[in-house]
Amino acid sequence: MPKALITGITGQDGSYLAEFLLARGYDVVGMLRRSSTVNFERIDHIQNDITLAPGDLIDGASMVQVLREHEPDEVYNLAAQSFVQTSFGQAVLTGETTALGVTRLLDAIRMVNPDIRFYQASSSEMFGKVHEVPQKEDTPFHPRSPYGVAKVYGHWITVNYRESYDMHASSGILFNHESPRRGLEFVTRKITDAAARIKLGMQNEVRLGNLDAQRDWGFAGDYVEAMWMMLQQEVPDDYVICMGETHSVREFCQLAFGALDLDWEKYVVIDPAFYRPAEVDLLIGDRTKANEKLGWEPKTSFEELVRMMVEADLKALQG
Ligand code: NAP
Ligand code: GDD
C-alpha cells in the first residue's frame, strides 16, 4: 500500500486530497500543527481512516520526525499561510511558513529519504501583474503580495532541489479553486455564505472590496487529482492547473445571488476595507501542458461550482 504524507490536511485541499488518495488505496498521514482548539471540520468524516502526526512548517525537526516515523512514499506540501490579505499584515510570518517552510520540508526529505516524491502547492498568485494572457508555465512571475512573493520562493526552491539533488519534486501552479469547504474569508465562499444567509433572513448585506478583479475559478475536488497525477510521472515537472476561463467577482455575485432568486445589487455594499495595497487584476491560465502530459481535465464547470457552493451553504444553515 503506498503511503502519502499531506501537510495542510485540515485545509480545503488537504481534505479533498486525503479523500482522493484513500479511494486509491493509499495509507494517508496528515501533518497537524498544534492549536488550542480542535480544527477537524473538513476531515471529521475520514478521521478514522487517516493517521495524524504533529508537525509544523516553522519547525524543521518536527518534519524530520514525521518522515522518520511514517516513511511516506509521497509528500504533498499543501500547508501555508494562504490568505493574501493577511500576508500584507503578517509578511514575515507568511515568509516563514509559505516560503522557508518549503525549504525546511525539502531538507527534511533529503535527510530522511531523498527518494520520496514531493509536490509543492505553487500558485497563480505568482503571476500577479500578469506579463501575458493567458498564463502558462513559462510566463514570468510578478507577485503582488507578500504571499505571492513567498510562493515564488517556494516554487523556485522546489525547482532548485530538483535540479541540484535530483529529487522527484514537482510544482503545481494552481489557479483559484473553491468548494463548499473553502474558508469563509475567501471571496467566493464569503459571497455564497452571505447569499444563503440573506435568503434565510439572517443577514441584510455583504461588504466586499474590488468587484472588478477577475479570476480563473475551478472546483478543488477536480484539482487534487492533478496533484496526484504529477507525482505518478516518471520525470518531475511543473504544471499550470486551471479552467482556462475568467470571471469577475461581480459576475460571481450575480450567479450566486441569482441561484437563490435574489438581486445581488440590493445586498452588496462596497467597503474599501477589503481593498488590497496591490491587486492582482486578472488571472486566466492555459492548461495545455497538463492536458497533454498528464491527461488532466477539469470536470466541474464554473456555473456548477457556484451552484454547488450556494446549495451547500443554504443546506448547512437550514440545519
Ligand atoms: P487552506 O484551506 O488555507 O489550508 C492551509 C493549511 O495549511 C491548513 O491545514 C493549515 O492548518 C495549514 N498550515 C498553516 N500554517 C501551517 C504551519 N505553520 N504548519 C503546518 N500547517 C500549517 O488552503 P487551501 O486552499 O487548502 O490551499 C492549499 C495550498 O495550496 C496552500 O499552500 C495554498 O497557498 C495553495 N494554493 C491554493 C489555491 C486555492 O485557490 N485554494 C490556489 C493555489 C495555491 P490550520 O488548519 O491549523 O490553519
Ligand atoms: N477575500 C476577499 N474578500 N476578496 C475580495 C473581497 C472580499 O471581501 N472583495 C473583493 N475581493 C477580491 C480580492 O481583492 C481578489 O482580487 C479576489 O476577490 C479574490 O480574492 P480571494 O478569494 O481572497 O483569493 P485570492 O485570489 O487573493 O487568493 C486565492 O487564490 C490564490 C491563487 O490565485 C488563495 O486561495 C491563495 O492561497 C491562492 O494562491
Side-chain angles (χ1 to χ4, degrees), residues 6-17 30-35 37-43 54-59 62-63 66 76-87 93-94 96-98 100-102 104-105 119-128 135 143-145 147-148 150-151 154-155 171-179 181-191 194 206-220 223-224 227 240-242 248-250 252-253 268-283 285:
I6 303 174
T7 73
I9 186 106
T10 53
Q12 171 188 257
D13 291 8
S15 65
Y16 282 109
L17 180 63
M31 192 180 89
L32 192 71
R33 63 172 167 167
R34 197 261 162 189
S35 64
T37 49
V38 176
N39 175 22
F40 290 172
E41 200 181 310
R42 298 182 177 109
I43 53 168
D56 198 303
L57 285 181
I58 303 279
D59 187 328
S62 71
M63 292 187 281
V66 172
Y76 296 86
N77 183 33
L78 308 187
Q81 191 303 94
S82 74
F83 189 39
V84 171
Q85 184 98 44
T86 292
S87 78
L93 174 83
T94 302
E96 279 291 348
T97 55
T98 307
L100 284 177
V102 187
R104 292 191 191 98
L105 182 50
Y119 172 84
Q120 167 59 15
S122 286
S123 165
S124 53
E125 182 74 12
M126 302 189 302
F127 296 122
Q135 296 86 51
R144 297 272 281 171
S145 62
Y147 167 81
K151 280 288 177 189
H155 182 80
S171 272
I173 307 175
L174 269 55
F175 282 61
N176 297 49
H177 45 280
E178 320 293 312
S179 74
R181 296 182 202 166
R182 185 61 142 154
L184 281 163
E185 68 273 38
F186 298 94
V187 77
T188 55
R189 184 79 198 289
K190 184 173 171 182
I191 294 167
V206 58
R207 306 182 83 82
L208 299 176
N210 177 12
L211 299 188
D212 294 322
Q214 288 177 263
R215 289 292 182 276
D216 183 333
W217 279 298
F219 173 47
Y223 284 33
V224 296
M227 300 176 187
V240 159
I241 301 298
C242 63
S248 65
V249 174
R250 179 178 284 100
F252 195 100
C253 289
V268 172
V269 177
I270 302 299
D271 185 340
F274 295 103
Y275 290 160
R276 295 173 179 182
E279 177 63 293
V280 172
D281 295 317
L282 164 75
L283 290 176

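Being a predicted model, the structure only gives us computed values, none of them experimental. Both ligands and their constituent atoms are indexed starting at 1 by order of listing.
- No hydrogens or angles considered: nothing links the side chains of T86 and Q81 as a donor-acceptor pair under 3.5 Å.
- Remark: ligand 1 atoms within the under-4.0 Å shell around heavy atoms of K151 are 31 (C), 32 (O), 33 (C), 34 (O), 35 (C).
- Checking only distances, N176 never comes within under 3.5 Å of ligand 1, N or O to N or O.
- For the residue pair S171 and S122, a side-chain donor N or O sits within less than 3.5 Å of a side-chain acceptor on the partner.
- If you look at K151 next to ligand 2, there are no close heavy atoms at all, none under 4.0 Å.
- Looking at N39 against ligand 1, only its side chain comes within 4.0 Å, counting heavy atoms.
- Atom 20 (O) of ligand 2 has as its closest protein heavy atom R276 NH2, 3.5 Å.
- By the criterion of a heavy-atom distance under 4.0 Å, neither the backbone nor the side chain of Y275 is placed next to ligand 2.
- Applying the 4.0 Å criterion to heavy atoms of A121 picks out, from ligand 1, the atoms 29 (C), 30 (O), 32 (O), 35 (C).
- Taking the side chain as every heavy atom from C-beta outward, S124 and N176 approach each other to under 4.5 Å.
- At a 4.0 Å cut-off, not a single heavy atom of Y223 sits close enough to ligand 1 to count as contact.
- The residue Q85 has no part lying near ligand 2, judged by heavy-atom distances below 4.0 Å.
- Residue-level proximity to ligand 2 for H177 is absent, since no heavy atom of it falls below 4.0 angstrom.
- By the criterion of a heavy-atom distance under 4.0 Å, both the backbone and the side chain of V187 are placed next to ligand 2.
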Hey, mind stepping through R215 and E279 against salt bridge (charged side-chain N to carboxylate O under 4.0 Å, His left out) and telling me if it holds? CA-CA 12 Å; R215 289 292 182 276; E279 177 63 293; 3.8 Å; yes
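- Under 4.0 Å from ligand 2, the heavy atoms of L283 that appear belong solely to its side chain.
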Kindly determine whether D56 and R34 satisfy salt bridge (charged side-chain N to carboxylate O under 4.0 Å, His left out), including the steps that lead there. CA-CA 8 Å; D56 198 303; R34 197 261 162 189; over 6 Å; no
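- Shortest contact from atom 4 (O) of ligand 1 to any protein heavy atom: G11 CA, 3.4 Å.
- Which parts of ligand 1 touch T97 is read off a 4.0 Å heavy-atom cut-off, strictly below it: atoms 18 (N).
- With a 4.0 Å cut-off on non-hydrogen atoms, F83 does not touch ligand 1 at all.
- Looking at ligand 1, you'll find an N or O of A80 within less than 3.5 Å of one of its N or O atoms.
- Close approach to S122 involves these atoms of ligand 1, each under 4.0 Å from a residue heavy atom: 43 (C), 44 (C).
- Minimum heavy-atom separation, T7 to A79: OG1-N, 3.0 Å.
- Polar contact with ligand 1: present for R33 (N/O pair, distance under 3.5 Å).
- Note on ring orientation: taking the six-membered ring where Trp is involved, the planes of Y223 and H177 are tilted (angle from 30° to 60°).
- With hydrogens and angles disregarded, no donor-acceptor distance shorter than 3.5 Å links the side chain of T97 to the backbone of A80.
- In terms of N/O distances under 3.5 Å, ligand 1 is not approached by S124.
- Between L78 and ligand 1, a contact under 3.5 Å exists for at least one N or O pair.
- Residue contacts with ligand 2, taken as heavy atom pairs separated by less than 4.0 Å, involve V84 solely via side-chain atoms from C-beta onward.
- Of all the listed residues (H177, E178, R215), H177 holds the heavy atom that lies closest to atom 39 (C) of ligand 1.
- Among S87, S82, G172, the residue whose heavy atom lies closest to atom 3 (O) of ligand 1 is S82.
- Proximity to F83 (heavy-atom distance under 4.0 Å) selects the following atoms of ligand 2: 1 (N), 23 (O).
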